[in-house]
Asker: 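Pasting a structure here, questions to come.
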Amino acid sequence: MDEVLPLIEQLKITEDLKAREEYLDKLTDLISESEDGEDDLSEPLLNSGILEDVLKLLINSSDSSFTSKCAQLVAELAKTESLRGPLVERGFVPPLLQLLNDKDVQLATQGCRALGNICYDNDAGRNAVEEANAMKQLLDLLRTQLKNDAEGADRLRTIACGFLLNLTNTHEALQEKALEEDVLKLLDQCLQLHLTDQGLTNMTLLTISSIADSDYGKEMISESEMPKTLVSVLASKEGESHQDTILDLLISLADSDKIKDTLADTSLSNHLIKIIQCNTGRSDDDSLQCVKMASDLLVSLLVGDKSMEQLFGGGEGPVFMESVKWLEGDTDTLKVSGALAIGNFARSDEHCHLLVEDGVMDKLLELVRQEAADTKEHNITLQHAVLSALRNLAIPAPNKPRMLKAGVLDVVLKLSQTEVMAVAFKLLGLIRMLIDSQEAASKSLGCDRDFLMKLVEWCGVEGHAGVTGEATRLLAWLIKHSKSSDVMKNIIKNDGIQYLVSMATSEHVVMQNEALFSLTLICSSVLGDAAVPLKEADLATTITTLLKNPATIPEILCNTLSLTRSICTADNLREELVASGIADITRELSLHGDEKVKEVAKSVLAFIDDSPVNR
């Protein structure tokens with residue numbers, strides 16, 4: 001500051017234009033090279049009155065070179081965050097915008113540079129530009145320079161694009177204005193006409209990324225040619241230096257199903273496979289990052305139904321074949337991606353049958369074996385991905401017995417000691433799918449004392465609703481599909497009843513029905529063993545609450561009434577129900593508007609009235 005302040009004073013008092021230019025140059029150089037902290041620099045500058053003086057010089061100058069130097073000084077000042085607000089407040093934005101109309105490339109360049117710095121992470125600056133309706137002005141400037149080969153035009157293009165980025169970044173209103181002014185076509189042209197200009201290409205990609213942050217931006221991009229252009233850039237030799245930026249942008253865009261389908265129609269998947277193949281086996285951070293980003297993008301494309309079918313290619317698509325290879329490779333990232341890809345391909349019964357027949361299931365199972373055998377390090381992400389894929393494979397009915405015969409249940413049960421709730425959630429979902437309609441497997445699992453203890457423990461776990469829900473549903477499914485009194489007694493002994501009673505009041509109708517059905521089976525088969533636990537779980541209150549609630553749907557009412565009838569054979573439970581006014585509640589339901597509810601209520605009412613306690 002010892003050198004800056006005297007220069008400011010000299011600038012104020014000198015009348016000679018050449019001297020002023022020299023002072024401006026020195027001042028600009030000093031400020032740009034200053035290593036002082038921002039707070040140390042900004043306060044003396046503001047107190048010196050330099051902003052007011054430079055603004056006057058900027059407005060009153062008739063010499064383009066001098067005006068350019070003024071704008072250059074403003075650009076340097078605007079690099080300091082605490083000066084951006086004062087620059088807006090002092091009124092710098094309107095005169096700087098005037099420079100964008102000038103045919104002088106250097107003048108327009110410095111105007112864009114100053115405005116771009118003022119707008120960097122500064123809504124006050126952006127709003128000032130918006131109030132001046134200057135979006136069209138900026139985009140028109142960039143358009144006029146697209147094919148300009150004059151000296152300095154390339155730098156102006158890059159700086160104008162940088163100004164556009166800083167202007168629109170995180171500012172949805174300005175992004176929308178830019179989109180209305182056909183900014184995507186303009187940015188597309190920047191990429192196609194000047195791909196060899198690394199600076200402009202990088203700035204263009206960053207601007208597209210900024211626009212893609214909003215849902216509206218993604219929607220407009222999906223309707224443009226931009227996705228295809230980005231793939232072309234990625235495939236080009238010039239695009240290699242922008243690979244990370246393009247991959248990151250495409251990953252963001254692939255959130256849109258429409259863009260997924262568009263990208264699946266291009267050669268993107270082939271290029272991604274090449275990127276992965278070229279970088280696999282390398283241990284440097286850049287190569288590892290490339291493999292992860294490219295494989296993540298491939299998996300993302302598979303989330304869309306249409307794109308998944310296209311890339312599956314009837315079991316012969318390059319992406320499918322490559323993802324199967326990944327399962328047997330040495331790269332953890334690709335093992336995870338391979339499992340995720342197979343899980344996405346396994347979203348149709350036809351694919352699931354093929355994946356089991358062709359041995360893909362066996363490759364997944366081998367990964368589980370390796371994880372279970374490794375007592376030191378566990379790849380939690382891999383476990384999660386493999387279990388998800390196996391669960392999808394277990395959904396089609398014909399696959400269940402084949403997977404059970406292959407030993408899937410025995411292998412995955414080795415992961416049941418996991419303390420990671422995300423893995424437990426996927427494991428429980430897989431097991432539930434495997435035992436669906438499989439009586440022998442359900443009975444065997446329901447008689448596995450160690451597993452039942454763990455299952456009931458998961459039913460009561462805190463902090464993960466998904467695990468508690470899946471665990472309790474699995475309890476109900478073990479009862480339903482085994483139809484075994486031994487299994488029911490084991491669940492009772494392990495204190496599982498309370499969780500089934502609690503699930504009867506779930507907000508999900510499917511879970512309510514499963515709980516009510518399993519409780520009805522218990523009451524019909526082993527009521528003597530279950531009576532005390534059912535009473536302790538306050539089943540009577542649960543039943544009356546469901547039956548009295550006007551929001552309870554007819555299906556749940558019918559199933560609750562059926563349960564009511566089943567428990568009326570146990571004296572202590574029946575007495576509790578009668579004391580809770582079940583007869584009156586049921587009598588009201590016998591007048592219900594739904595015929596099925598009315599019919600079941602009358603049947604239950606007759607049973608209650610005929611029971612010994614009421615004689």
Side-chain angles (χ1 to χ4, degrees), residues 397 400-401 404 409-410 413 416 428 431-460 468-506 510-540 542-543 546 556 558-577 600 603-604 607-608 611-612:
K400 300 177 193 296
L404 288 169
L409 185 57
D410 293 334
L413 280 175
S416 62
L428 290 166
I431 295 173
R432 191 165 59 81
M433 288 298 104
L434 281 172
I435 67 162
D436 183 12
S437 302
Q438 305 302 306
E439 186 174 340
S442 300
K443 187 171 182 179
S444 174
L445 192 60
C447 292
D448 184 331
R449 182 174 177 274
D450 291 339
F451 178 73
L452 270 187
M453 288 176 63
K454 188 66 179 178
L455 182 58
V456 172
E457 179 186 323
W458 277 330
C459 288
T468 58
E470 277 291 353
T472 312
R473 290 189 77 186
L474 182 52
L475 272 185
W477 280 43
L478 286 171
I479 293 166
K480 175 183 176 181
H481 296 296
S482 70
K483 299 180 179 61
S484 165
S485 58
D486 288 338
V487 171
M488 297 177 200
K489 289 177 182 178
N490 287 338
I491 289 173
I492 293 166
K493 287 177 186 175
N494 283 282
D495 299 324
I497 285 289
Q498 57 181 315
Y499 300 110
L500 293 172
V501 172
S502 177
M503 190 168 76
T505 56
S506 167
V510 170
M511 293 175 68
Q512 280 187 291
N513 273 327
E514 290 172 356
L516 292 168
F517 185 79
S518 63
L519 288 169
T520 301
L521 283 176
I522 286 174
C523 292
S524 302
S525 307
V526 290
L527 186 53
D529 297 85
V532 172
L534 287 170
K535 185 174 182 179
E536 290 174 348
D538 206 5
L539 177 61
T542 297
I543 287 174
L546 286 170
I556 299 298
C558 289
N559 290 337
T560 307
L561 286 167
S562 296
L563 173 60
T564 302
R565 177 165 180 161
S566 294
I567 65 176
C568 278
T569 56
D571 290 344
N572 54 355
L573 288 174
R574 184 180 63 237
E575 289 172 8
E576 267 195 60
L577 276 174
V600 177
S603 169
V604 174
F607 190 83
I608 293 173
S611 59

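Values reported hereafter were calculated over all heavy atoms of this structure, with side chains retained and with hydrogens, waters and symmetry mates removed. Because the structure is a prediction, the values reported are computed rather than measured.
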Asker: Would you please name every residue forming a salt bridge (Lys or Arg N to Asp or Glu O under 4.0 Å) with Arg565, sequence neighbours left out?
Answerer: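 Residues passing salt bridge (Lys or Arg N to Asp or Glu O under 4.0 Å) with Arg565: none at all.
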Asker: Which pairs pass salt bridge (charged side-chain N to carboxylate O under 4.0 Å, His left out) with one or both residues in residues 514-524, sequence neighbours excluded?
Answerer: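 Qualifying pairs: Arg473-Glu514.
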Asker: Apply salt bridge (Lys or Arg N to Asp or Glu O under 4.0 Å) to Lys489 and list each qualifying residue two or more places apart in sequence or on a separate chain.
Answerer: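 Counting only residues at least two positions away or on another chain, Lys489 forms no salt bridge (Lys or Arg N to Asp or Glu O under 4.0 Å).
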Asker: Any side-chain heavy-atom pair from Leu413 and Ile431 closer than 4.5 angstrom?
Answerer: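 Yes, their side chains come closer than 4.5 Å.
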Asker: Please identify each residue that fulfils salt bridge (Lys or Arg N to Asp or Glu O under 4.0 Å) with Glu439, with sequence neighbours left out.
Answerer: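 If we apply the salt bridge (Lys or Arg N to Asp or Glu O under 4.0 Å) test to Glu439, skipping adjacent residues, there are no hits.
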Asker: Heavy-atom distance under 4.5 Å between the side chains of Ser437 and His481, does that happen here?
Answerer: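 Yes, side chains in contact.
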Asker: Which residues satisfy the side-chain hydrogen bond (donor to acceptor under 3.5 Å, both in side chains) test with Trp458, sequence neighbours excluded?
Answerer: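 Trp458 satisfies side-chain hydrogen bond (donor to acceptor under 3.5 Å, both in side chains) with no other residue.
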Asker: Measure the CG-OG1 distance between Leu500 and Thr472 for me, rounded to the nearest 0.5 Å.
Answerer: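 Going from CG on Leu500 over to OG1 on Thr472, the span is 7.0 Å.
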Asker: Please check if the number of heavy atoms outside Lys454 that lie under 6.0 Å from its NZ is greater than 12.
Answerer: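 Yes, the 6.0 Å shell around NZ holds more than 12 heavy atoms from other groups.
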Asker: Which heavy atom of Leu455 sits nearest a heavy atom of Ala471, and at what distance?
Answerer: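 Shortest heavy-atom separation between Leu455 and Ala471 comes out as CD1-O, 3.6 Å.
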Asker: Which heavy atom of Leu434 sits nearest a heavy atom of Leu404, and at what distance?
Answerer: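 It is O-CD1, 3.7 Å.
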Asker: Quick one: list whatever passes salt bridge (Lys or Arg N to Asp or Glu O under 4.0 Å) with Asp436, sequence neighbours left out.
Answerer: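 With neighbours one apart ignored, the set is Lys400.
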Asker: Where is the tightest heavy-atom contact between Met511 and Met503, given as atom of each residue plus distance?
Answerer: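 Nearest pair, atom of Met511 first, then Met503: O-CE, 3.5 Å.
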